[in-house]
Amino acid sequence: MADYGVSRRLFVAGSLASPLLTAFPGAIAQDQPIDPATLKPGEFQWHPDRSPQGPLVILVSLPKQWAVVYRGGVRIAATTCSTGRPGHATPSGVFIILQKDQHHHSSLYNDASMPYTERLTWGGVALHAGGLPGYPSSHGCVHLPLEFAKLLFGITTLGTPVIIADGEPAYGDMQHPGLLIANHTEEMALDAVKEVSAKTAHPTTATTQTHQASSFVISTADRKLIAFVNGKESFSAQVDVLSPEKPFGTHAFTLTGPDPNPRNLKWLAIGLPSGTNIDEASALIASETMNRINLAPDVARRVTALMHPGSTLVITDKPANPETRTEPGFTIITHDA
C-alpha cells in the first residue's frame with residue numbers, strides 16, 4: 001500500500017494548439033506552451049484532442065483572472081475570465097456543478113442574460129458567458145468568453161469539480177489507493193481499488209435521474225467525513241486522523257481513473273494555499289495527506305460503492321460548519337471576501 005507517488009507539473013505545460021480554432025475569433029492557436037496569464041481579455045485556447053476522454057476538473061485563478069480545464073489529468077484548455085468586483089467578490093474554494101442552463105437569465109439582476117450557465121452555488125455563483133474587461137467586474141460569477149463557455153458547456157457534467165483559488169495552487173498527478181483504508185487488510189484495499197477501477201466516468205448526457213455524481217469532504221478539525229450525491233448530503237461518519245498535530249491545509253483530489261499498478265488509482269491533486277504560499281501547499285500534498293486518514297471498514301465500503309472516475313475528495317483542516325461550506329450543495333469555502 002505504500003507504492004504511491006506524486007508527480008508535480010506546471011500549469012503552463014503542454015501545447016493547446018488546434019486547427020479547428022479558426023472558427024472562434026477569441027481562440028489562440030499555439031505550437032509552444034503558453035502561460036494562460038498572458039492571454040488578452042477574451043482570448044482562450046481549446047485543445048480537447050490532447051485528452052479525448054476522462055473526468056474534468058476546472059481551475060480558476062482569482063488573482064490572475066484565468067481558468068484552465070483538465071480532462072483525465074491533462075490540461076486541454078485555458079481562458080481569460082472576469083470574477084467578482086469589490087463588494088461582490090467571488091468566493092474561493094472547491095465546488096461542483098450543480099445545475100446547467102444554456103439560456104439562463106438572472107433572477108437577481110434585471111433578468112440579465114447568462115448564456116451557458118453552470119451553477120456552483122444556490123446563492124448565485126456560476127460559470128457563464130459574460131463581460132471580460134481584463135479585471136474583476138462581475139457580481140460574483142466567473143465570466144467566460146462566449147465561445148469558450150459554449151465549448152465548456154458541451155463537455156461538463158453535473159458534479160464536475162470547479163476549484164477557485166485565491167492564491168497560487170500546487171498541482172500534481174498522484175498514484176494512490178485513495179480509499180482511506182490505510183489500517184485495513186491488503187486484500188480489502190485491493191478489492192476496493194478493483195471495484196472502483198471497473199467504473200467509468202459519467203457521460204456528458206448524465207442527469208441526476210440517470211447517474212449519481214459523488215463527492216466527499218473530510219474535515220480533520222471535526223474528524224468527520226461527509227458524502228454528497230448530486231450535491232446533496234448522503235451520509236456522514238467519523239474518521240481517525242493520524243498525526244493530528246501536523247497541518248493538513250485544504251486539498252482537492254479528483255479521481256481520474258485506474259492506474260497500471262492494481263494497488264493504486266490515478267488522481268489529480270490540487271492544494272489550495274493560504275494566501276499565495278505555493279511552497280506550503282506543495283509540501284502538504286506530498287506529506288502523505290491521504291495516508292493520515294482512516295475510515296472504519298463499513299464506512300470505507302460505503303465510500304467505495306459511491307466513488308467513480310470524476311469523484312472529488314476534499315481534505316481540509318477547516319471545520320465543516322456554515323462558515324466554511326454553503327447549503328445545500330457540495331461547497332468548501334476557503335476564503336470569502
Side-chain angles (χ1 to χ4, degrees), residues 24 26 44 46 48 51-60 67-72 76-84 90-91 93-109 111-132 138-164 200-215 228-234 252 254-256 306 308-312 314 325-332:
F24 302 106
F44 66 90
W46 186 263
S51 182
Q53 298 180 338
L56 292 175
V57 178
I58 301 166
L59 174 65
V60 177
V68 290
V69 181
Y70 297 89
R71 184 159 59 187
I76 64 168
T79 185
T80 51
C81 68
S82 179
T83 57
T90 301
V94 184
F95 308 81
I96 64 169
I97 293 175
L98 299 170
Q99 186 183 65
K100 298 175 64 173
D101 184 353
Q102 182 176 343
H103 304 292
H104 187 70
H105 287 257
S106 175
S107 60
L108 299 175
Y109 299 107
D111 199 39
S113 178
M114 301 166 62
Y116 304 104
T117 285
E118 307 199 63
R119 183 182 295 276
L120 304 181
T121 76
W122 296 113
V125 178
L127 307 173
H128 65 85
L132 297 159
S138 79
H139 286 99
C141 289
V142 179
H143 286 181
L144 303 169
L146 177 61
E147 295 91 347
F148 184 91
K150 179 179 180 180
L151 291 167
L152 184 65
F153 193 92
I155 64 173
T156 57
T157 63
L158 299 182
T160 293
V162 179
I163 300 168
I164 302 178
T200 58
H202 293 345
T204 57
T205 55
T207 68
T208 56
Q209 287 72 42
T210 62
H211 291 78
Q212 290 188 330
S214 61
S215 308
F228 296 84
V229 174
N230 296 331
K232 298 180 179 180
E233 185 171 332
S234 176
T254 297
L255 179 61
T256 58
L306 288 177
H308 57 82
S311 290
T312 294
V314 175
R325 56 182 288 255
T326 61
E327 296 282 5
F330 171 86
T331 306
I332 292 292

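Partners of Ser82 according to the side chain to side chain donor-acceptor pair (under 3.5 Å) rule, which considers only residues two or more places apart in sequence or in another chain, are Ser137. Contacts of Thr117 classified as side chain to side chain donor-acceptor pair (under 3.5 Å), with partners at least two apart in sequence or in another chain: none. Thr80 pairs by the side chain to side chain contact (heavy atoms under 4.5 Å, CB included) definition with Leu39, Pro145, not counting sequence neighbours. Under the rule for a side chain to side chain contact (heavy atoms under 4.5 Å, CB included), the partners of Ser51 that lie at least two apart in sequence or sit in another chain are Arg71, Val74, Ile76. Not counting sequence neighbours, the partners of Thr210 by the side chain to side chain donor-acceptor pair (under 3.5 Å) test are Thr207. The side chain to side chain donor-acceptor pair (under 3.5 Å) check on Ser138 picks up nothing, with sequence neighbours excluded. The ring pair (Phe, Tyr, Trp, His ring centres under 6.0 Å) test applied to His202 returns His211, His308, not counting sequence neighbours. With sequence neighbours excluded, the residues that form a side chain to side chain contact (heavy atoms under 4.5 Å, CB included) with Thr254 are Val57, Pro161, Thr312. Applying the ring pair (Phe, Tyr, Trp, His ring centres under 6.0 Å) test to Tyr116 and every residue at least two apart in sequence or in another chain returns Phe153.
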Does Leu144 form a side chain to side chain contact (heavy atoms under 4.5 Å, CB included) with Leu127? I'd like the steps, not just the answer.
CA-CA 7 Å; Leu144 303 169; Leu127 307 173; 4.2 Å; yes
Walk me through whether Val60 and Cys81 qualify under side chain to side chain contact (heavy atoms under 4.5 Å, CB included).
CA-CA 8 Å; Val60 177; Cys81 68; 4.2 Å; yes
Assess whether side chain to side chain contact (heavy atoms under 4.5 Å, CB included) is satisfied between Lys100 and Arg119, documenting all intermediate values.
CA-CA 6 Å; Lys100 298 175 64 173; Arg119 183 182 295 276; over 6 Å; no
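Counting only distance, with no hydrogens or angles, the side chain of Thr157 and the backbone of Pro203 share no donor-acceptor pair below 3.5 Å. Here the side chain of Thr90 pairs no donor or acceptor atom with the backbone of Thr83 at under 3.5 angstrom.
The two residues Ala126 and Cys141 come nearest to each other via the heavy atoms O-CB, 3.2 Å. Among all heavy-atom pairs drawn from Leu306 and Ser214, the shortest one is O-OG, 2.7 Å. What you find for Ile96 and Ser215 is that their closest heavy atoms are CG2-OG, 3.7 Å. The shortest heavy-atom contact between Gly159 and Ala213 is CA-CB, 3.9 Å. Of all heavy-atom pairs spanning Ile163 and Ala252, the tightest one is CD1-CB, 3.7 Å. Pairing each heavy atom of Phe148 with each of Ala77, the nearest pair is CE1-CB, 3.8 Å.
Around the CD atom of Gln212, the shell of radius 6.0 Å holds no more than 12 heavy atoms that belong to other residues, nucleotides or ligands.
Atom NE2 in His139 sits 10.5 Å away from atom CE in Met114 (nearest 0.5 Å). Annotation: the span from Ile155 atom CD1 to Lys150 atom NZ amounts to 14.0 Å, rounded to 0.5 Å. Once rounded to the nearest 0.5 Å, the distance linking OH of Tyr70 with CG of Leu59 reads 6.0 Å.
Exactly one of Ile58, Leu158, Ile97 qualifies for a side-chain contact (heavy atoms from CB on, under 4.5 Å) with Glu118. That residue is Ile97. Between Leu152 and the options Thr79, Thr160, Val69, a side-chain contact (heavy atoms from CB on, under 4.5 Å) holds for only Val69.
For the pair Val125/Phe95, no side-chain contact is recorded, criterion being any heavy-atom separation below 4.5 Å from C-beta on. Leu120 places a side-chain heavy atom less than 4.5 Å from the side chain of Ile164.
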